[in-house]
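Data block below; observations after.
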Amino acid sequence: MPGLADKNILVTGASRGTGAAIAKTLAGQGAKVVVHYGRNRDAAEDVANDLGGNFLGLMSADFATPGAAPEAWAEAKKLAGGRLDGLVINHGIFEAASIEADYETWRANWTRTLEVDLLSAADLAREAARDWRGRADDPGAMVAIASRAAHRGDDPDHPSYAAAKAGLIGLIKTLARAYSGDGVLAYAIAPGWIDTEMAPQEPGARAKALAEVPYGQMAQPEEFGRLCAFLLSGACPSATGATFDVNGASYVR
């Protein structure tokens, strides 16, 4: 059965939470991992230490800066000895700006959110696809962490986030349709609440969030690690283009 041994994989936003869990799971199943972080190098180093011999290197990139993603891909390839086989697009921001905000705040939020959550992801996916085209016998694979908000929309404070994640899923579908037969496999995951520090912590807010989850629990970060490992392993390549909902049945399509 296909596996992750000998696969070099870049995981973005891997210094904490879901990204850290993904990186650790991939390494635990044999992949060699490049760990991306934004600002918290100490946390990224802690993750790197947990990867043991399957750690390829640390790299920092601020994906709010246009043009950062192609440079990040090139650096990750260098750390991986010139070849990357997988990409997990996990970085993102969730910043508020409703229609009630002043125009400058509204516009700045949209610009920053689209740059981080969509445009930098598109740039990374482009670099990966350009590298992997022609590898039909040994395809590369990417997994983008999107959101249920891409399908159902979000709360009034986060329209830019919902739009960016919808665009991310559209990107994955398009790449899969265009290049799956030529060495590029592409998948998306659409979470609901994940039980990390980004989830509501105040008891009342947490209870409200859980009330909409029929399963009764927030998803655990390790669940995303296991799903990414399965998708990146090549075990089910015909699922390319699919979006996997991981939200405790809080949004069922």
Side-chain angles (χ1 to χ4, degrees), residues 1-37 43-59 72-73 75-92 121 124-125 128-129 131-132 135-146 172 175-176 180 183-191 194-196 217-247:
M1 182 174 178
L4 296 177
D6 302 321
K7 291 187 183 295
N8 298 334
I9 300 173
L10 167 62
V11 181
T12 68
S15 64
R16 60 179 183 166
T18 304
I22 292 170
K24 292 174 187 178
T25 302
L26 296 180
Q29 296 193 23
K32 304 293 192 300
V33 180
V34 177
V35 174
H36 160 264
Y37 68 98
E45 288 177 344
D46 288 341
V47 173
N49 289 335
D50 288 338
L51 304 188
N54 286 344
F55 168 63
L56 284 173
L58 281 181
M59 53 154 295
W73 180 260
E75 182 178 352
K77 274 183 65 177
K78 185 176 180 180
L79 290 169
R83 177 185 170 102
L84 285 167
D85 305 289
L87 167 65
V88 180
I89 302 170
N90 172 70
H91 66 278
L124 282 172
D131 273 1
W132 297 338
R135 283 178 49 173
D137 294 334
D138 182 24
M142 67 181 77
V143 180
I145 308 300
I172 290 297
L175 292 176
S180 286
V184 183
L185 302 176
Y187 313 90
I189 300 175
I194 306 173
D195 199 3
T196 68
Q217 299 179 34
M218 294 183 183
Q220 296 301 305
E222 293 75 17
E223 295 183 65
F224 297 89
R226 292 189 289 270
L227 181 51
C228 284
F230 171 74
L231 295 173
L232 293 168
S233 73
C236 190
S238 293
T240 184
T243 299
F244 294 81
D245 296 329
V246 183
N247 61 48

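Atom set for the values below is all heavy atoms of this structure, side chains included, hydrogens, waters and symmetry mates excluded.
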Check: How close do V246 and A219 get, heavy atom to heavy atom, and via which atoms?
Finding: CG1-CB, 4.2 Å
Item checked: Side-chain heavy atoms of T243 within contact of I172, under 4.5 Å -> no
Checklist line | Approximate separation, where rounding is to 0.5 Å, of K77 NZ and E75 CD | finding: 13.0 Å
Checklist line | Counterpart residues, salt bridge (charged side-chain N to carboxylate O under 4.0 Å, His left out), relative to D138 (two or more places apart) | finding: R83, R135
Margin query: Ignoring hydrogens, what is the shortest heavy-atom contact between A80 and L56? Give both atom names and the distance.
Written below: CB-CD1, 3.9 Å
Check: Is there side-chain contact between H91 and L124, with heavy atoms separated by less than 4.5 Å?
Finding: yes
Next item on the list: Over all heavy atoms of both residues, which pair between I145 and P191 is shortest? Give the atoms and the distance, please.
Entry: CG2-CG, 3.8 Å
Check: What's the spacing between C228 SG and N90 CG if we round to 0.5 Å?
Finding: 8.0 Å
Check: What do you reckon, is CG of D6 surrounded by more than 12 foreign heavy atoms closer than 6.0 Å?
Finding: no
Note to self: Below 30° counts as parallel, above 60° as perpendicular, anything between as tilted: where do the rings of W73 and W132 land?
What the structure shows: perpendicular
Side-chain donor/acceptor pairs under 3.5 Å, residues 13-28, sequence neighbours excluded:
from	atom 1	to	atom 2	distance (Å)
R16	NH1	E197	OE2	2.3
K24	NZ	D50	OD2	3.2
T25	OG1	A21	O	2.8

Notebook entry, point to check: What residues form a side chain to side chain donor-acceptor pair (under 3.5 Å) with Y37, not counting sequence neighbours?
Noted result: R41
Check: What is the distance from atom CD1 of I189 to atom CG of D245, rounded to the nearest 0.5 Å?
Finding: 10.5 Å
Check: What closest approach, in Å, do L185 and S180 show between heavy atoms, and which atom pair accounts for it?
Finding: CD2-O, 4.2 Å
Next item on the list: Measure across L58 and L79 and return the closest heavy-atom pair with its distance rounded to 0.1 Å.
Entry: O-CD1, 3.6 Å
Item checked: Approximate separation, where rounding is to 0.5 Å, of N8 CG and L87 CG -> 13.0 Å
Check: Does some side-chain heavy atom of F244 sit less than 4.5 Å from a side-chain heavy atom of L231?
Finding: yes
Next item on the list: Starting at CD of Q220, measure out to CZ of R226 and round the result to the nearest 0.5 Å.
Entry: 9.0 Å
Notebook entry, point to check: For the residue pair T240 and A186, what are the closest heavy atoms and their distance?
Noted result: OG1-N, 3.1 Å
Note to self: Working to the nearest 0.5 angstrom, can you tell me the gap between L10 CG and M142 CE?
What the structure shows: 11.0 Å
